[in-house]
Amino acid sequence: MAFGAFATGTAREQGPRRKSRIALLLLLPGILYLMLFFLVPLVSLVLTSLQEPAPMGDIGEYQTAFKWENYVDVIGTYGEHILRSFIYAILATIFALLFSYPLAYFIGVKARRWPLVQNLLLVLVIAPFFISFLLRTLAWKSILSDEGVVISGLKALSLMAPDAHFTGTGAAVVFGLTYNFIPFMTLPLYSTLERLDTRLLEAGGDLYSKPSTTFFKVTIPLSMSGIVSGVLLTFIPAAGDYINASRNFLGGSGTAMIGNVIESNFLVTLNYPAAASLSIILMAVILVMVTVYVKRSGTEDLL
Amino acid sequence: MAKPLPEDPFIRDLVLRAQRAQLSRRTMLKGAGVGAAALTLAACSTGAQDKPKPAEDISDTDKTVRWDNWALYLDVDDDGNYPSLEGFEKQTGIKATYTEAVDDNDTYYGKVKDQLKLGQDIGCDVVCLTDWMIARWIRFGYGQELDRTRMPNVESNLVDALKNVDFDPGRKISIPWQGGFAGIAWNKDEIPEGLTSVSDLWDPSLKGRVGVLSEMRDTMGCIMQDLGTQIDGNWGDAEFTAAIDVLQKQVTDGQIRNIKGNSYKEDLVNGDTLAAIVWSGDITQLNAEAGEHWDFAVPDKGGTLWNDNFIVPIGSGHKKNAEDLINYYYDPEVAAMVAAWVNYIPPVKGAKEAMMDLDPELADNQLIFPSDATLANTHLFRTLSAAEEQKYATQFQAILLGA
């Protein structure tokens with residue numbers, strides 16, 4: 001299962017091969033839970049995505065059917081939004097990785113000598129979790145507003161055109177996504193880098209490799225499981241995020257992501273089949289991208 | 001002899017479905033899911049059904065009423081109590097629970113629609129929603145018919161203009177709570193010369209600093225009137241599309257920066273928006289809270305007029321208590337007390353006179369007690385048919401999503 005990827009890659013112990021009733025019994029609550037809260041909603045979602053408007057029906061009235069054209073319709077209408085979602089999510093993941101790796105490396109490797117600093121920095125990474133995600137995003141919105149210090153400062157220094165603005169643009173959305181998911185990237189990276197054996201880095205140096213070569217040939221491969229976990233934890237929720245891109249937060253009318261389209265179809269136009277087919281498409285694309293990514297990054301054993 | 005059907009509407013519905021048991025391709029498809037899935041489907045099915053039946057009224061034995069309303073929509077004192085509601089409890093002995101549960105017509109509807117369809121209790125006995133959403137509830141039979149003889153204040157004090165509306169002739173199911181205008185507002189410090197019409201918002205000097213509302217009827221109503229359409233008249237696709245084209249162009253050109261619901265106020269305060277299509281009462285409140293920076297005007301070619309209305313959900317067992325509550329708020333003095341705080345238009349005759357005693361300055365405020373001339377220039381957006389609602393909402397949402 002893909003969830004295995006979030007574990008930090010130690011070899012699994014072989015369990016007893018005999019069939020055991022107790023094991024089944026212990027699994028039962030989990031299986032029932034998944035059936036009730038994952039499988040049933042999924043089946044219901046698939047069936048909704050194939051519904052057609054009820055004849056003579058009022059707004060939001062649909063009946064069971066096999067209208068697979070719904071999928072073609074939403075891809076035609078919202079293809080741009082689907083593409084935009086994944087571009088934003090990929091950009092945010094890359095930025096979060098570039099930002100988090102040095103940070104996690106510093107906390108996990110360089111700061112080993114000072115446990116107090118290490119703990120303090122970890123608290124700083126986790127601290128934003130204590131404040132609501134929505135509040136943090138709203139705070140950024142007012143910090144980055146036209147009349148705020150940042151933007152008016154940039155304008156005063158002529159680094160931004162006088163009539164330019166930041167909130168409501170795609171850059172603001174990617175910024176918000178990156179910011180909000182940095183802890184999800186930093187923590188898994190930290191947990192692998194913390195156990196990095198620094199003697200291996202010394203060995204690299206002893207064998208006349210440049211520090212950069214050691215980094216790419218030793219450090220990166222050893223921290224791969226952290227990178228994969230961090231990327232998955234960032235990319236999957238970022239692709240489906242609808243808060244940052246919402247017009248009420250950092251986005252504008254040109255930045256809607258697939259989550260915003262689903263929200264609008266579900267709540268405003270009451271087009272449930274379109275919302276359901278978009279959700280299924282989102283899940284399917286994420287599943288394919290994650291599978292390919294995990295295979296390419298050579299960590300299949302994590303799946 | 002047939003067994004009587006169970007009381008619970010949800011179980012009754014399931015039993016009825018089982019009795020029908022038509023083995024068509026459709027039911028086969030439903031049966032394809034596991035048993036539990038079929039149960040979920042029955043609960044979520046959105047197919048056309050019979051209208052739900054009103055719940056039994058237990059008001060006589062249970063003296064409570066639960067009221068769902070929008071934020072900042074009832075007078076509140078510094079301790080967070082609602083003085084007018086406390087007056088109601090004292091007068092009637094009915095315990096009222098007030099919840100700011102309505103954030104938006106659409107999200108509220110999304111939250112309660114499945115229970116309404118089954119005639120179940122949605123956790124409130126009276127709720128205030130906007131005209132067009134009330135029209136939808138009435139079409140689906142989600143509101144209980146009110147007994148006007150139990151509401152003498154409503155009978156005598158409801159303003160004439162609102163006694164008859166196309167979605168509820170004779171006001172049998174809905175009673176107005178507060179009304180307001182959508183018009184234009186601007187930042188007085190940045191635009192000292194002011195604005196007069198919606199087209200002034202498209203001035204190049206305001207590029208990227210203009211906001212419009214995500215409430216379709218208010219934004220489109222203002223733009224359509226600017227193009228010369230009578231929005232309460234008999235217009236059609238051509239007029240709507242012409243206004244959509246204007247909106248699309250202004251969004252594409254970057255003239256309109258944002259299209260928002262209630263949160264547009266933050267943008268006015270932080271300066272992202274300098275001029276916008278807004279709701280009248282908000283500007284009075286905003287000026288009181290954040291300094292006198294904004295002015296409001298009904299556009300010269302017309303603004304929109306809307307009302308939020310009380311409705312008693314079909315599954316509520318406290319209709320009589322809810323009627324008492326509505327009746328209480330039609331007392332002119334109570335209406336003035338609320339209007340002094342919320343700054344919207346009370347639909348109650350005599351509220352202006354009562355306001356004279358309370359706060360003479362507010363009694364002259366055109367946004368709370370509009371003159372006939374102001375009212376003549378604001379119009380209700382005509383009620384749309386189900387098909388029109390779907391079509392126009394989709395067109396409007398497409399712009400919001402930048403499709």
Side-chain angles (χ1 to χ4, degrees), chain A residues 35-36 39-44 46-48 50-51 53-66 77-78 80-81 84 138 141-142 145-148 152 163-165 167-168 246-249 251-257 260-261 263-274, chain B residues 25-27 29-30 32-34 36-37 39-41 43-49 104-107 109-110 113 136 139-140 207-209 214 216 251-252 254 256-264 266-267 269-274 384 386-387 389-390 393-394 396-403:
Chain A
M35 287 275 285
L36 206 59
L39 202 62
V40 171
L42 193 67
V43 170
S44 163
V46 172
L47 289 177
T48 306
L50 296 169
Q51 284 179 338
M56 304 299 290
D58 206 315
I59 187 164
E61 292 193 315
Y62 295 89
Q63 62 185 22
T64 315
F66 189 72
T77 318
Y78 301 114
E80 196 188 326
H81 300 87
R84 187 189 290 145
L138 277 178
K141 193 187 124 184
S142 62
S145 68
D146 286 15
E147 307 292 323
S152 47
D163 61 345
H165 49 72
T167 52
S246 151
R247 295 183 310 277
N248 293 326
F249 289 86
S253 26
T255 65
M257 290 169 68
N260 304 96
V261 177
E263 185 199 19
S264 152
N265 271 295
F266 193 84
L267 285 177
V268 184
T269 51
L270 308 186
N271 193 345
Y272 305 124
Chain B
R25 191 172 65 91
R26 270 173 201 144
T27 40
L29 203 63
K30 270 184 193 167
V34 267
L39 202 71
T40 330
L41 275 172
C44 316
S45 159
T46 41
Q49 274 176 17
D104 178 86
N105 285 300
D106 288 312
T107 47
Y109 181 74
K113 66 180 170 54
R136 188 189 290 170
R139 260 192 347 249
F140 281 111
K207 185 164 191 250
R209 310 298 284 275
S214 58
M216 175 181 86
V251 169
T252 315
I256 294 174
R257 162 88 152 277
N258 245 325
I259 307 178
K260 293 198 177 187
N262 272 321
S263 57
Y264 76 88
E266 296 153 23
D267 288 22
V269 173
N270 72 24
D272 277 4
T273 303
L274 295 180
L384 303 175
E389 196 173 329
Q390 181 100 56
T394 307
F396 188 68
Q397 286 296 313
I399 295 185
L400 265 63
L401 294 172

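Below, chain A is the first sequence line, B the second, and so on; all start at residue 1.
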Query raised in the report: Just wondering, do Glu263(A) and Thr107(B) contact through their side chains at under 4.5 Å, heavy atoms?
Result: no
Query raised in the report: Taking atom CG of Asn248(A) and atom CG of Asn258(B), what is their separation to the nearest 0.5 Å?
Result: 8.0 Å
Report task. Side-chain contact test, heavy atoms from C-beta onward, threshold under 4.5 Å: evaluate it for Tyr109(B) versus Leu270(A) and give yes or no. Result -> yes
**Report entry** Selection from Gln390(B), Lys260(B), Arg257(B) maximising heavy-atom pairs under 4.5 Å formed with chain A
**Finding:** Arg257(B)
Report summary line: So OG of Ser142(A) and CG of Asn270(B): to nearest 0.5 Å the spacing works out to 7.0 Å
Query raised in the report: Are any non-hydrogen side-chain atoms of Met216(B) and Val268(A) less than 4.5 angstrom apart?
Result: no
Query - For the student: nearest non-hydrogen atoms of Gly110(B) and Leu267(A), plus distance - result: CA-CD2, 4.1 Å
Query - Contact origin within Thr252(B) toward chain A - heavy atom pairs under 4.5 Å - result: neither
**Report entry** Reported CD-to-OG1 distance for the pair Gln397(B) and Thr269(A), which is rounded to 0.5 angstrom
**Finding:** 6.0 Å
Query raised in the report: Hey, mind stepping through Thr167(A) and Asp272(B) against side-chain hydrogen bond (donor to acceptor under 3.5 Å, both in side chains) and telling me if it holds?
Result: CA-CA 9 Å; Thr167(A) 52; Asp272(B) 277 4; 3.1 Å; yes
Report summary line: Max heavy-atom pairs within cutoff under 4.5 Å with chain B, candidates Met257(A), Lys141(A), His165(A), goes to His165(A)
Requested in this report: Could you tell me which non-hydrogen atom of Leu401(B) sits nearest to which non-hydrogen atom of Ser264(A), and how far apart they are?
Outcome: CD1-OG, 3.7 Å
Report task. Write down the atom of Ile59(A), the atom of Phe140(B), and the distance for their closest heavy-atom approach. Result -> O-CZ, 3.5 Å
Query raised in the report: Quick one: OG on Ser263(B) to CG on Leu138(A), what's the gap to the nearest 0.5 Å?
Result: 8.5 Å
